[in-house]
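Residue numbers count from 1 along this sequence.
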Amino acid sequence: MHQSILQHVYQHISPKEDDVIFFNGMLNEVTVPKGTFLLQPGNHVKDEFFVVKGCLKAYYMDVKGNQHIIQFAVENWWVGDFDAFYNNTPSSIYIEAIEDSLLLSIDSDSLNHVFEKAPIFERYFRILVTEAFISQRKRILSAQEKNTQQRYVEFCTSYSNIENRVANYDIANYLGVSPENLSRVRRKLKIS
């Protein structure tokens, strides 16, 4: 059993040991080499993924072929196309490994089995979905109300130490600014 998933579970809920063992038995290890797609548009989404080690980005492409990053996933984060997973529709996003990554996956049938046999995990996933919803709302409001420097500082707080792992242009994309604008902000913050 991976310590990281155990710690993550215990940060959110207090399950019985039998429930944790059962949940762990439903997880599968997945290795994803750097540059590999975990998911692409049109794929049937069977799994959600917990990042044990590594870094991935989730994004969509607009009709002009421009990439729009909607999430980075680093250690102790869940990643997937949750819309497609829960609504049984084809994926609309890409998930790509930025680094060699070790993930734990759980498929929809297994997750439903966990919910039936160990209902406390429904609470765990409800808490995660609620946290994700709140985070998305904060990100939307931040994009509308804050300047690039404020958004970059928030980003660094949410994704500690990621600026050393992810290319400047990907961070700029996530923040919705030009790489040049982000470079100016980073230089300004280093000076102050």
For a quick test of your reading: what N or O donor-acceptor pairs under 3.5 Å do the side chains of residues 113-120 make, sequence neighbours left out?
none

Under a 4.5 Å cut-off applied to non-hydrogen side-chain atoms, are K16 and F22 in contact?
-> no
Any donor-acceptor pair under 3.5 Å linking the side chain of Q150 with the backbone of N147?
-> yes
Minimal heavy-atom distance between G80 and I95, with the atoms involved, is CA-CD1, 3.6 Å
How many angstroms lie between atom CD1 of I106 and atom NZ of K46, to the nearest 0.5 angstrom?
-> 15.5 Å
Could you pull out the closest heavy-atom pair between D81 and S92, with the gap in Å?
-> OD2-N, 3.0 Å
Evaluate the side-chain proximity of F23 to I5: yes if any heavy-atom separation is below 4.5 Å, no if none is.
-> yes
Does F72 belong to the same Ile/Leu/Val/Met/Phe/Trp/Tyr cluster as L102, with side-chain heavy atoms less than 4.5 Å apart forming each link?
-> no
Any donor-acceptor N/O pair, Q40 side chain to I93 backbone, under 3.5 Å | no
K146 side chain reached by L141 side chain, heavy atoms, under 4.5 Å | no
Distance-only donor-acceptor hits, side chain of residues 168-177, under 3.5 Å, sequence neighbours excluded:
residue: N168; atom: OD1; partner: R186; partner atom: NH1; Å: 2.6
residue: N168; atom: ND2; partner: P179; partner atom: O; Å: 3.3
residue: N168; atom: ND2; partner: S183; partner atom: OG; Å: 3.1
residue: D170; atom: OD1; partner: K57; partner atom: NZ; Å: 3.2
residue: D170; atom: OD2; partner: K57; partner atom: NZ; Å: 3.2
residue: N173; atom: OD1; partner: I69; partner atom: N; Å: 2.7
residue: N173; atom: ND2; partner: Q67; partner atom: O; Å: 2.6

Would you kindly confirm whether V79 and Y94 end up in one hydrophobic cluster when ILVMFWY residues are joined by side chain heavy atoms under 4.5 Å apart?
-> no
Atom of P33, atom of A97 and distance for their closest heavy-atom approach = O-CB, 3.5 Å
List in chain and number order the residues that pass salt bridge (charged side-chain N to carboxylate O under 4.0 Å, His left out) with E163, two or more places apart in sequence or in another chain; answer none if no residue qualifies.
-> none
Listed partners of E29 passing side-chain hydrogen bond (donor to acceptor under 3.5 Å, both in side chains), at least two apart = H2
Are any of the side-chain heavy atoms of L111 and F125 separated by less than 4.5 Å?
-> yes
Which value, rounded to the nearest 0.5 Å, describes the distance between K53 atom NZ and T31 atom OG1?
-> 12.0 Å
So do the side chains of L56 and L103 get within less than 4.5 Å of each other, counting heavy atoms only?
-> yes
Sorted by chain and number, sequence neighbours left out, salt bridge (charged side-chain N to carboxylate O under 4.0 Å, His left out) with K34 holds for none
Would you mind reporting whether N24 and L27 have side-chain heavy atoms less than 4.5 Å apart?
-> yes
Is L128 linked to V45 within one hydrophobic cluster, defined over Ile, Leu, Val, Met, Phe, Trp and Tyr using a side-chain heavy-atom separation of less than 4.5 Å?
-> yes
Could you tell me which residues satisfy side-chain hydrogen bond (donor to acceptor under 3.5 Å, both in side chains) with Q71, sequence neighbours excluded, listed by chain and number?
-> none
Is any side-chain heavy atom of V153 less than 4.5 Å from a side-chain heavy atom of L189?
-> yes
Could you list the residues that satisfy side-chain hydrogen bond (donor to acceptor under 3.5 Å, both in side chains) with W78, not counting sequence neighbours?
-> Y124
Atom of P15, atom of F121 and distance for their closest heavy-atom approach = CB-CE1, 4.2 Å
Let me see the working for V20 and E17 under side chain to side chain contact (heavy atoms under 4.5 Å, CB included), right down to the final yes or no.
-> CA-CA 5 Å; V20 172; E17 186 176 344; 5.6 Å; no
Can you measure from CD1 (I21) to CE (M26) and round to the nearest 0.5 angstrom?
-> 12.5 Å
ring-ring contact (aromatic ring centres under 6.0 Å, His included) involving Y60 - partner list, sequence neighbours excluded | H68
Between CD1 on residue I140 and CD on residue E145, distance to nearest 0.5 Å = 11.5 Å
Can you list the residues that meet the ring-ring contact (aromatic ring centres under 6.0 Å, His included) rule with F82, with sequence neighbours excluded?
-> none
For N181, side-chain hydrogen bond (donor to acceptor under 3.5 Å, both in side chains) partners two or more places apart = T148
If you group Ile, Leu, Val, Met, Phe, Trp and Tyr by side-chain heavy-atom gaps below 4.5 Å, do Y152 and V74 land in one group?
-> yes
Should V52 and L104 count as side-chain neighbours, where that means a heavy-atom distance under 4.5 Å?
-> yes
Can you sort out the partners of E99 under salt bridge (charged side-chain N to carboxylate O under 4.0 Å, His left out), two or more places apart, ordered by chain and number?
-> R165
So, N66 side chain and D62 main chain: donor-acceptor pair closer than 3.5 Å or not?
-> no
Do W77 and I98 share a hydrophobic cluster, counting only Ile, Leu, Val, Met, Phe, Trp and Tyr and linking them when any side-chain heavy atoms are less than 4.5 Å apart?
-> yes
Nearest 0.5 Å, what's the CD-CG distance between Q149 and L182?
-> 11.0 Å
Which atom names give the shortest non-hydrogen contact between S110 and D107, and what distance separates them?
-> N-OD1, 2.8 Å
Looking only at heavy atoms, the pair that brings V30 and F49 closest together is CG2-CE2, 4.4 Å
Taking atom CZ of F85 and atom NE2 of H44, what is their separation to the nearest 0.5 Å?
-> 9.5 Å
Contact list for residues 127-141, test side chain to side chain donor-acceptor pair (under 3.5 Å), sequence neighbours left out = H12-E131
